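Right, one structure below, let's go through it.
As the structure lists them, so they are numbered: ligands from 1, and atoms in each ligand from 1. Bear in mind that the values here come from a model prediction, so they are computed numbers and not experimental data.
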Amino acid sequence: MIRNEELEQILETIDLQNDAPAQEPMRQYYFIKKAREIVAEESSKRGRPLTANEQTFGCQMNAKDSEKLIGILENIGFEMIDDESADLVFYNTCTVRDNANQRVYGRLGLVHSMKKKNPHKKIALCGCMMQEPTVIEKIQKSYSFVDLIFGTHNIYKFAELIVAMYSSDRMIIDIWKDTDKIVEDLPTERKFPFKSGVNIMYGCNNFCSYCIVPYVRGRERSRNPKDIIREIEKIVADGVVEVMLLGQNVNSYGKTLDEPMSFAQLLQEVEKIDGLERIRFMTSHPKDLSDELIQVMKHSKKICRHLHLPLQAGSTKILTAMNRRYTKEQYLELAHKIRREIPDISITTDIIVGFPGETAEDVNETIEVVKEVQYDNAFTFIYSKRTGTPAAAMPNPTTDEEIKENFDRLLKVVQETARNRVGRLMGEVHSALVEEQNEHDPTLVSGRLSNNTIVHFPGNTSLIGKIVDVRLVEAHGFYYIGEMT
Ligand code: SAH
Ligand code: SF4
Ligand code: F3S
């Protein structure tokens, strides 16, 4: 990220009569200045500011990328609005399961009819789905009204791409297969003033056999620890009290750096930042979770009491076919060790049902693990076949009805365990970071406990962004009702 004052100083030195520099990020600063001119011209033609709207699908990485894209849009003069009637709409897509793709095609149908009424309207597509060549073919053929398509590796070029889009009537497509580049120091927006995601690594090298992410997000690259710390220091100075360190497999952070560093070491550096109150991270792969990390979490004052530890399946046969590289027994041993060392921690997970060859007995093993680990919450997904992944070529004799039955059986146990777990803090006093006014009842605010559970309690909006002590008075399934002490 770069602060506005710093950027303005640099922009003053740029002469648009010259060619764009080749070096990044200077090249993007040049295009930010140029894009400002274009946006100002378009606005004056219409006698009002140009508006933009973002639609983000998928995980926290995509949410973070959207903040960067919005940062650039606002910087070049767009006014962000909440609905798709805007002059520019961008869809930051996800392709982890097919239903995410279908939702995007649905939105495109709707926005096409809007574009027929407003021919100046621009439509941009980016994100994971765009890294799949078959998707691009389909869009070129059936959605030719789209103005701009780019992928996951070149979002930092958004200003340059916008200049290209407003200078051409043809569809602009810029997709990179992979990258080893990490371009920093661009403007960014933050959705919340008091908490923020921070990328610590990009891509994934694990190639779980069902998963498309390594193909669309490229090879694993860790950010330099100094850049991470500098970014956190800046946002803390701007009022952030909680950070979420983001990566597909944070436990393998730092292995590819020139001076290798473990994730646990990075956490210790982040802990030292004055003014930062809470540290979270996502996601942990069980195969790389070290004892060092457990000890650092145990002794930390800032790392939240929550670990998301995706199980995916409870049967070693399925785990092997998934290429997860741990057995049921290894996972259970790890979960028990974590509970033993950090008794107040909450553990959440992801589970896939219906992987090729998974039987009712295999799902029984998953249910056993759920009962034994006692997850505080679990996200359950029905397996979705992703073209190009090894699992897509595996035969699946299990019928859709059987898969649905297995899924429902699992879900029931997941919900029961979660309900029991969440109730266990009743009557205790815990600190909560107040995040928002309650949607349904404006006399309440909603806060998040260190273990990630939500508590609603009487309070006003002046509390938003503050960490306060709350007594947990009533447990309601997945959340508490409380009162400030
Ligand atoms: N890197 C993270 C997960 C990213 S994807 C990790 O390894 O934990 C988020 C979740 O989507 C995964 O944990 C998995 O449960 C689910 N998922 C991934 N591919 C899927 C597929 N093909 N079908 C169904 N669920 C899938
Ligand atoms: Fe996908 Fe596995 Fe990488 Fe997670 S670790 S993103 S599930 S390949
Ligand atoms: Fe989806 Fe891409 Fe995230 S495929 S889950 S948005 S990394």
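- Residue Ser384 has at least one nitrogen or oxygen atom sitting less than 3.5 Å from a nitrogen or oxygen atom of ligand 1, judged on distance alone.
- Close contacts between ligand 2 and Pro214 involve ligand atoms 8 (S) [criterion: under 4.0 Å to a heavy atom].
- For the pair Arg324 and ligand 1, a heavy-atom separation below 4.0 Å is found.
- At least one N/O/S atom of Cys204, whether from backbone or side chain, sits less than 2.8 Å from atom 3 (Fe) of ligand 2.
- In this structure, Tyr375 and Tyr331 have tilted ring planes: the angle between them lies in the 30° to 60° band.
- At least one donor-acceptor pair closer than 3.5 Å links the side chain of Lys115 to the backbone N or O of Lys121.
- Within the structure, the closest approach of Arg97 to ligand 1 falls below 4.0 Å when heavy atoms are considered.
- At a threshold of 2.8 Å, atom 2 (Fe) of ligand 2 has a backbone or side-chain N, O or S atom of Cys208 nearer than that distance.
- Within the 4.0 Å heavy-atom shell around ligand 1 one does not find Ile212.
- The nearest heavy-atom contact from the protein to atom 4 (C) of ligand 1 is Gln248 OE1, 3.4 Å.
- Using a cut-off of 4.0 Å between Lys/Arg side-chain N and Asp/Glu carboxylate O, Arg217 and Asp178 are scored as not salt-bridged.
- The residues Glu271 and Lys302 are annotated as not salt-bridged, no charged nitrogen and carboxylate oxygen being separated by less than 4.0 angstrom.
- Using a 4.0 Å heavy-atom cutoff, Val96 is listed among the residues neighbouring ligand 1.
- Every atom of ligand 1 is numbered from 1 in the order shown, and the set under 4.0 Å from a heavy atom of Tyr383 is 23 (N), 24 (C).
- Listed by atom number, the atoms of ligand 1 under 4.0 Å from Gln312 heavy atoms are 12 (C), 13 (O), 14 (C), 15 (O).
- Within the 4.0 Å heavy-atom criterion, the part of Tyr210 lying near ligand 2 is the side chain and not the backbone.
- At least one heavy atom of Thr283 sits less than 4.0 Å from an atom of ligand 1.
- A salt bridge is defined here as a Lys NZ or Arg NE, NH1 or NH2 lying under 4.0 Å from an Asp or Glu carboxylate O, and Asp376 with Arg339 meets this definition.
- Ionic pairing of Lys385 and Asp98 is not present here: no N-O contact between side-chain nitrogen and carboxylate oxygen is shorter than 4.0 angstrom.
- By the 4.0 Å heavy-atom criterion, Arg324 is counted among the residues contacting ligand 2.
- Contact annotation for Val213 and ligand 1: no heavy atom of the residue comes within less than 4.0 Å of the ligand.
- Every atom of ligand 2 is numbered from 1 in the order shown, and the set under 4.0 Å from a heavy atom of Val213 is 6 (S).
- Distances between N or O atoms of Asp350 and those of ligand 1 include at least one value under 3.5 Å.
- Atoms of ligand 2 lying under 4.0 Å from any heavy atom of Cys211, numbered from 1 in the order shown and given with element: 1 (Fe), 6 (S), 7 (S), 8 (S).
- Around atom 7 (S) of ligand 3, the closest heavy atom drawn from Gln248, Arg386, Met61, Arg97 belongs to Gln248.
- A salt bridge links Lys317 to Asp362: at least one charged side-chain nitrogen sits closer than 4.0 Å to a carboxylate oxygen.
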